[in-house]
Structures are given as structure tokens and as C-alpha cells.
Amino acid sequence: QVQLVESGGGLVQPGGSLRLSCAASTSGFSDKGMGWFRQSLGKAREFVASISRSGKIINYTDSVKGRFTISRDNNKNTVDLQMNNLKADDTAVYYCAMTPRTGAWTVDTAYTYWGQGTQVTVSS
């Protein structure tokens, strides 16, 4: 059974930074694509970033390009999301997800396993 556990959320001022981390409890981590999604109050869940199993293919939603960086460590079974220059619109619950496929998928239907989410609040 796969477990994904996110950490690193919190309250930050606009312009600040946070680093989210997701730890996966599975022996097949290096064969799976990983993604980050977020959901704001009253809105649908949206794609943020994804990374292929090797880390060679990465995708971002337009609104975070140049500010967020996704990375993974296949030796530690972790995937991180470095978030810089945070804005109020980035406020949401952030979810880590794993797909059985190897690529960097951008749709939530491609993902099978989900973490419990971590709250990110950007406010002065």
C-alpha cells in the first residue's frame, strides 16, 4: 500500500518562500511519475507541477513558472516543491500525488495515490 505524506506548509508573507516535501512509502518510487496539485476554498483542484520518474521531464502550470521548482530524490523516495515569491493566489491546500505511469502528467485523473494535503497560506 502506498502512502504519501506531505510536510512544509504554513503561513508566509507575500514574496516569501516555502519548501514542501512529500515522502512516499513504496519500493517502486523511482518508476513512478509524481505531481503536485492544489485546491483553494470553493475552487476545483488544479495542477501545479509534475516530474517524470527520471526527473528529466518537468511540467508547470503557467501561473507558477519561474517561481516554483519541483525536484525528486529517488534514493530517499521524496519529491519537493520549492515555492518562491509567493502570492496570495497561491493560498491553497497542496497535495502530492503519484501516477503508475512514468511521465510528468498534468491531469489529476492520471494519478492513483494522493497525500492528505498541507495548507499553504500567503498573507500579510
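Keep in mind that the numbers below use all heavy atoms, side chains included, and drop hydrogens, waters and symmetry copies.
For the pair Val79 and Ile51, the minimum side-chain heavy-atom distance is below 4.5 Å. Counting heavy atoms from C-beta on, the side chains of Gln39 and Glu46 never come closer than 4.5 Å. You'll find the side chain of Thr118 reaches within 4.5 Å of the side chain of Leu20, heavy atoms only. Side chains of Val2 and Lys32 form no contact here, defined as non-hydrogen atoms less than 4.5 Å apart.
Within 6.0 Å of atom CD in Gln3, 12 or fewer heavy atoms from other residues, nucleotides or ligands are found, so the atom counts as exposed in its surroundings.
Annotation for Ala24 and Met98: closest pair CB-CE, 4.0 Å, computed over non-hydrogen atoms. In this structure, Val48 and Tyr94 approach most closely via the heavy-atom pair CG2-CE2, 4.3 Å. Closest approach of Ala92 to Ser40, counting heavy atoms only: CB-OG, 3.6 Å. Across all non-hydrogen atoms, the minimal contact from Cys96 to Met34 is SG-CE, 3.5 Å. Looking at every heavy atom in both residues, Lys56 comes nearest to Ser52 through N-OG, 3.4 Å. Considering all non-hydrogen atoms of both residues, Tyr111 and Gly35 come closest at CE2-N, 3.5 Å.
Each of Val93 and Tyr113 belongs to its own hydrophobic cluster when Ile, Leu, Val, Met, Phe, Trp and Tyr are linked at side-chain heavy-atom distances under 4.5 angstrom. No chain of hydrophobic side-chain contacts below 4.5 Å, direct or via other Ile, Leu, Val, Met, Phe, Trp or Tyr residues, connects Phe29 to Tyr95.
To the nearest 0.5 angstrom, Ser63 atom OG is 7.0 Å from Asp90 atom CG. In this structure, Asn77 CG and Ser30 OG are separated by 7.5 Å, a value rounded to the nearest 0.5 Å. Here the CD1-CZ distance, from Ile70 to Arg72, works out to 8.5 Å after rounding to the nearest 0.5 Å. Rounding to the nearest 0.5 Å gives a distance of 8.5 Å between CZ of Arg38 and NZ of Lys43. Atom CG in Leu18 sits 9.5 Å away from atom OG1 in Thr121 (nearest 0.5 Å). Separation of atoms OG1 (Thr78) and CG (Leu4) is listed at 12.0 Å; rounding is to 0.5 Å.
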Could you tabulate the donor-acceptor pairs under 3.5 Å formed by side-chain atoms of residues 80-89, not counting sequence neighbours?
residue : atom : partner : partner atom : Å
Asp80   : OD1  : Ser21   : OG           : 2.8
Asp80   : OD2  : Arg19   : NE           : 3.3
Asp80   : OD2  : Arg19   : NH2          : 3.2
Gln82   : OE1  : Arg19   : NH1          : 3.0
Gln82   : NE2  : Asn84   : OD1          : 2.8
Asn84   : OD1  : Ser17   : OG           : 2.9

Just list the side-chain donor-acceptor pairs under 3.5 Å for residues 101-108, sequence neighbours left out, or say none.
residue : atom : partner : partner atom : Å
Arg101  : NH1  : Ala110  : O            : 3.4
Asp108  : OD2  : Arg45   : NH2          : 3.4

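Contacts classified as disulfide (SG to SG under 2.5 Å) and involving residues 56-92 (residues at least two apart or in different chains) are not found.
Between Tyr60 and Phe47, a ring centre-to-centre spacing not shorter than 6.0 Å is recorded.
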